[in-house]
Amino acid sequence: MRHLEQELDNLRQDLIKMWRLVITQVTNTGDSILTFDKDLAMQVSMREKKVDAYELKNDSNCENIIALYQPVAIDLRFVLAALKINSNLERIADFAYGISRILIANPSMILDAELITETNLRGMIEQVNKMMYQGLDAFENEKSEFAAAIFSEDYIVDEINNNAPRIIANYIQKNPDRAFECLHLMSTFRKMERIGDHCSNIAEEIFFYIDAKVLKHSPKK
Amino acid sequence: MLIIDAKNVDFYYSDFHALKNINIEVEKNKVIALIGPSGCGKSTFLRLLNRMNDLIDGTRMTGSILVEGENIYAPNVRVDELRKKVGMVFQKPNPFPKTIFENVAYGLRVNGNTDNTFIEERVIESIKSAALWDEVKDKLNKSAFALSGGQQQRLCIARALAISPKVVLMDEPASALDPISTAKIEELIYELKKDYTIVIVTHNMQQASRVSDKTGYFYLGELVEFDDTTKIFTNPKEYSTQNYITGRFG
Amino acid sequence: MKTTKKQETNTNFGSSQFIPPVAGGVSGSSSSYSSKRWSQAIAFTIFKLMSYAVVAILVLILGFIVSKGFQVISWDFLTKSPEEGMTKGGIYPAIVGTLYLVLGSSLFSFPIGIMSGIYMNEYATGNKIAAFIRIMTNNLSAVPSVVFGLFGMALFVNVMGFGDSIIAGSLTLGLLSLPLVIRTTEESLKAIDFSYREGSLALGATKLQTIWKVIMPMAFPNIITGLILSIGRVSGETAPILFTVAAYFLPKLPTSIFDQVMALPYHLYVITTSGTNIEISRGIAYGTALVLIFIVLLVNVIATILRDYFSRKVKM
């Protein structure tokens with residue numbers, strides 16, 4: 001294997017490791033919120049540092065490859081995509097961390113099971129988890145068609161997120177004493193929705209890397 | 001208007017089919033880079049443009065190459081007139097054993113210019129265009145061999161510019177030079193683009209990407225891909241091109 | 001020499017440190033190294049001795065001639081004609097005759113030789129005619145000089161009717177030196193990088209302009225060397241002039257190119273083999289040899305000076 005290929009492969013491996021870690025963060029966060037598992041939330045919070053370390057490492061790897069090897073064509077697209085996927089993953093991990101912090105800061109918080117069912121929080125969490133896996137799958141197998149699914153998944157996430165405020169507002173009217181927990185729930189929805197957006201961004205980068213197509217800021221079907 | 005228009009060019013060295021159906025259109029005031037592995041035909045094609053291959057016995061060409069709309073392989077074409085229009089700079093700096101001034105004046109003199117004031121003007125102008133004036137203005141009557149390799153190469157460019165060509169062909173002009181001299185030549189190419197059309201053959205892909213507007217990739221005598229340089233270096237159409245420019249060749 | 005050896009020894013120490021400390025490995029490598037070094041030292045000593053031997057022989061010959069010939073050299077010897085059956089007097093007519101022959105043969109062989117050299121290297125590259133000329137030229141240079149003499153006599157003396165004359169001798173000597181002139185011209189031109197020709201042609205110059213203005217000035221220093229060497233050869237030849245120009249004894253100077261002349265090599269031959277009194281003439285013979293050697297030497301010195309001058313002019 002040539003030197004550049006070796007470096008690119010190292011970058012790929014590190015990015016995949018980070019990706020797996022971030023997926024674990026997201027799924028653990030989802031599980032902890034659904035089961036009010038504070039220990040799991042604590043675990044997520046503690047692993048956040050590790051994600052940050054990966055981000056720094058991947059950043060400097062990308063910088064070095066560009067400076068030392070001046071990659072072109074697919075190599076260049078790979079490095080550029082890796083650079084952006086790296087920062088998207090870091091943002092995703094941040095949101096997961098934020099959600100876990102809510103749980104840790106409010107150890108006594110209990111959400112009404114009925115409300116969770118009505119807002120379809122579980123559905124949203126499952127959808128986001130799925131998108132995370134799809135992105136990694138597409139990247140590892142260099143199949144842009146795998147990434148294409150993410151765009152439609154994101155519509156489902158958006159829809160759940162759009163319906164949530166109304167349901168939560170109704171609930172608060174009926175149960176004004178639960179308003180505090182409800183605001184936290186709303187914030188969790190917002191964060192999950194943002195994770196979904198970042199998954200879409202990652203899908204765009206995968207398209208750019210594999211097919212050299214720029215899908216940014218254009219309507220996707 | 002197209003300044004160079006090569007149509008269905010095939011070229012043979014005796015039995016060896018060196019170029020296969022090459023079609024290239026070059027617009028005015030553009031820099032065209034030709035890349036490809038050794039022996040792919042890129043230099044051969046370059047030398048067809050000023051009929052330098054005429055010097056080699058047993059070669060044969062079919063198809064047509066139009067420079068400014070005229071077929072340069074038509075029977076009535078005078079080769080020395082063509083070479084005034086299409087200048088050339090070679091891989092190794094090859095200044096003549098003459099003074100710096102006479103090196104640049106040479107092309108004018110052999111083409112029958114005797115007006116010394118005109119020659120002097122042209123020489124100074126050409127040396128300035130080749131970004132060499134400040135370095136040689138005090139030693140125009142010194143031997144060209146006293147210059148450094150990079151300066152010699154710029155002198156050769158000045159020499160080519162003196163006879164006011166329309167197209168300047170460069171055959172790996174920086175391959176024998178150090179990085180600083182190479183950078184100067186590359187800067188110069190960018191400057192010269194305003195007044196000339198430049199076709200450059202290079203082994204250095206970074207050089208091709210830095211200096212050129214369009215890039216042609218030759219492989220085994222075929223022009224595999226010819227497109228905007230940005231396209232070639234970010235998203236080449238052909239798999240073979242991508243393998244070559246990313247260094248996964250062979 | 002010494003420093004080189006020292007460096008080699010140093011590298012040996014350096015490399016032996018890399019070899020793992022297995023006893024056999026270390027001793028094996030150092031013994032093979034020392035045997036290598038010995039064979040190298042012996043070989044170079046032999047080469048050195050051989051080249052010294054060549055110089056020694058040359059010094060011996062020159063010393064012999066100089067010591068024997070020096071005493072007869074005088075102003076009179078150089079400026080007077082031979083007297084009393086070539087046992088007394090000088091060798092002036094022979095010196096003049098040799099100079100005439102050198103000049104005459106050069107006038108004939110230089111233009112023809114240089115032009116054919118140019119033709120062969122610049123115009124007829126790789127074609128069959130050039131290959132044929134090249135083979136013929138090589139054959140010509142292998143022909144013994146006495147055969148040239150015979151041919152010269154047949155063609156120039158008899159058929160063309162020049163008789164025994166400067167022109168017949170010059171043409172014969174010219175023929176003799178022609179292959180050398182052609183070869184040196186061709187080789188000198190071949191040594192000029194093709195890129196200079198391309199550079200000139202690419203500027204719209206014609207082939208003739210390219211040769212005349214770029215290639216010849218660069219090749220000239222080397223061509224000069226070849227020309228001078230051919231002069232050296234011509235001035236020392238005896239056989240070709242034997243039947244075409246040389247006079248056994250001719251105390252007066254020639255008045256036209258159709259006159260016979262004396263020449264140094266032939267004069268030397270005559271007085272050592274068939275003079276009126278060989279014993280007495282021996283001193284004159286050594287003097288003649290010394291003058292001949294001196295002329296050849298002078299020609300070589302001039303050649304070197306000219307070559308340096310022209311190569312400096314090219315490089316400036």
Side-chain angles (χ1 to χ4, degrees), chain B residues 46-47 49-58 78-100 102-113 139 141-146 152 155-156 158-165 168-171 176, chain C residues 114 118-134 185-225 306-316:
Chain B
L46 188 79
R47 295 163 63 91
L49 299 178
N50 68 343
R51 292 186 58 168
M52 264 335 224
N53 286 333
D54 289 12
L55 302 177
I56 303 165
D57 289 324
R78 279 186 53 188
V79 177
D80 51 339
E81 290 298 319
L82 165 71
R83 288 179 186 156
K84 269 163 68 182
K85 204 152 70 175
V86 184
M88 189 164 191
V89 176
F90 297 85
Q91 185 172 3
K92 228 179 68 188
N94 56 351
F96 302 134
K98 298 172 185 294
T99 63
I100 292 168
E102 281 305 321
N103 257 281
V104 184
Y106 181 84
L108 297 164
R109 294 202 199 281
V110 296
N111 284 299
N113 253 306
K139 43 182 177 181
N141 289 316
K142 293 266 165 58
S143 166
F145 289 169
Q152 288 189 6
L155 182 70
C156 291
R159 190 173 71 183
L161 300 182
I163 47 174
S164 313
V168 180
L169 310 175
M170 298 188 176
D171 192 357
Chain C
I114 291 175
I118 292 174
Y119 172 75
M120 280 161 66
N121 196 62
E122 302 295 323
Y123 286 90
T125 38
N127 75 13
K128 281 181 182 141
I129 301 169
F132 178 74
I133 297 176
R134 198 165 294 122
T185 307
E186 210 188 337
E187 294 299 325
S188 311
L189 291 173
K190 208 174 276 170
I192 310 290
D193 202 283
F194 196 68
S195 70
Y196 291 104
R197 295 177 180 85
E198 287 184 323
S200 170
L201 293 170
L203 290 166
T206 62
K207 220 164 179 175
L208 190 62
Q209 285 172 323
T210 302
I211 292 166
W212 189 243
K213 296 188 175 208
V214 176
I215 304 305
M216 278 308 275
M218 294 181 86
F220 210 57
N222 283 331
I223 294 179
I224 289 260
T225 316
L306 277 179
R307 188 188 57 201
D308 289 352
Y309 171 74
F310 280 111
S311 54
R312 223 175 304 125
K313 209 177 150 193
V314 165
K315 287 196 194 99
M316 284 192 315

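Sequence lines set the chain letters: A, B, ... in the order given, protein chains first and strands last, and positions in each chain run from 1. What you are looking at is a predicted structure, and each value in this text was computed from that prediction instead of being measured.
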Could you give the distance from [atom1] ([X]) to [atom2] ([Y]), rounded to the nearest 0.5 Å?
X: B/D80; Y: C/L201; atom1: CG; atom2: CG; result: 10.0 Å
X: C/Q209; Y: B/N111; atom1: CD; atom2: CG; result: 7.5 Å
X: C/T210; Y: B/F96; atom1: OG1; atom2: CZ; result: 7.5 Å

Using every non-hydrogen atom in the two residues, find where [X] and [Y] come nearest and quote the distance to one decimal.
X: B/F90; Y: C/G199; result: CE1-CA, 3.6 Å
X: C/S195; Y: B/N94; result: O-ND2, 2.6 Å
X: C/A205; Y: B/Y106; result: CB-OH, 3.8 Å
X: B/P97; Y: C/M218; result: CG-CG, 3.0 Å

* To do: Kindly indicate whether the side chain of C/E198, heavy atoms from C-beta on, has any atom under 4.5 Å from the side chain of B/M88.
  => no
* Is any side-chain heavy atom of C/D193 less than 4.5 Å from a side-chain heavy atom of B/K92? ->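 Yes. Closest side-chain heavy atoms under 4.5 Å.
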* Asked: Would one find more than 12 heavy atoms of other residues, nucleotides or ligands at under 6.0 Å from atom CD1 of B/I56?
  -> yes
* **C/F132 atom CZ, over 12 foreign heavy atoms within 6.0 Å** =>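 Open: at most 12 neighbouring heavy atoms sit under 6.0 Å from CZ of C/F132.
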* Considering only heavy atoms, which portion of B/R159 lies under 4.5 Å from any heavy atom of chain C: side chain, backbone, both, or neither? -> both
* To do: Answer with side chain, backbone, both or neither: which region of C/K207 has an atom nearer than 4.5 Å to a non-hydrogen atom of chain B?
  => neither
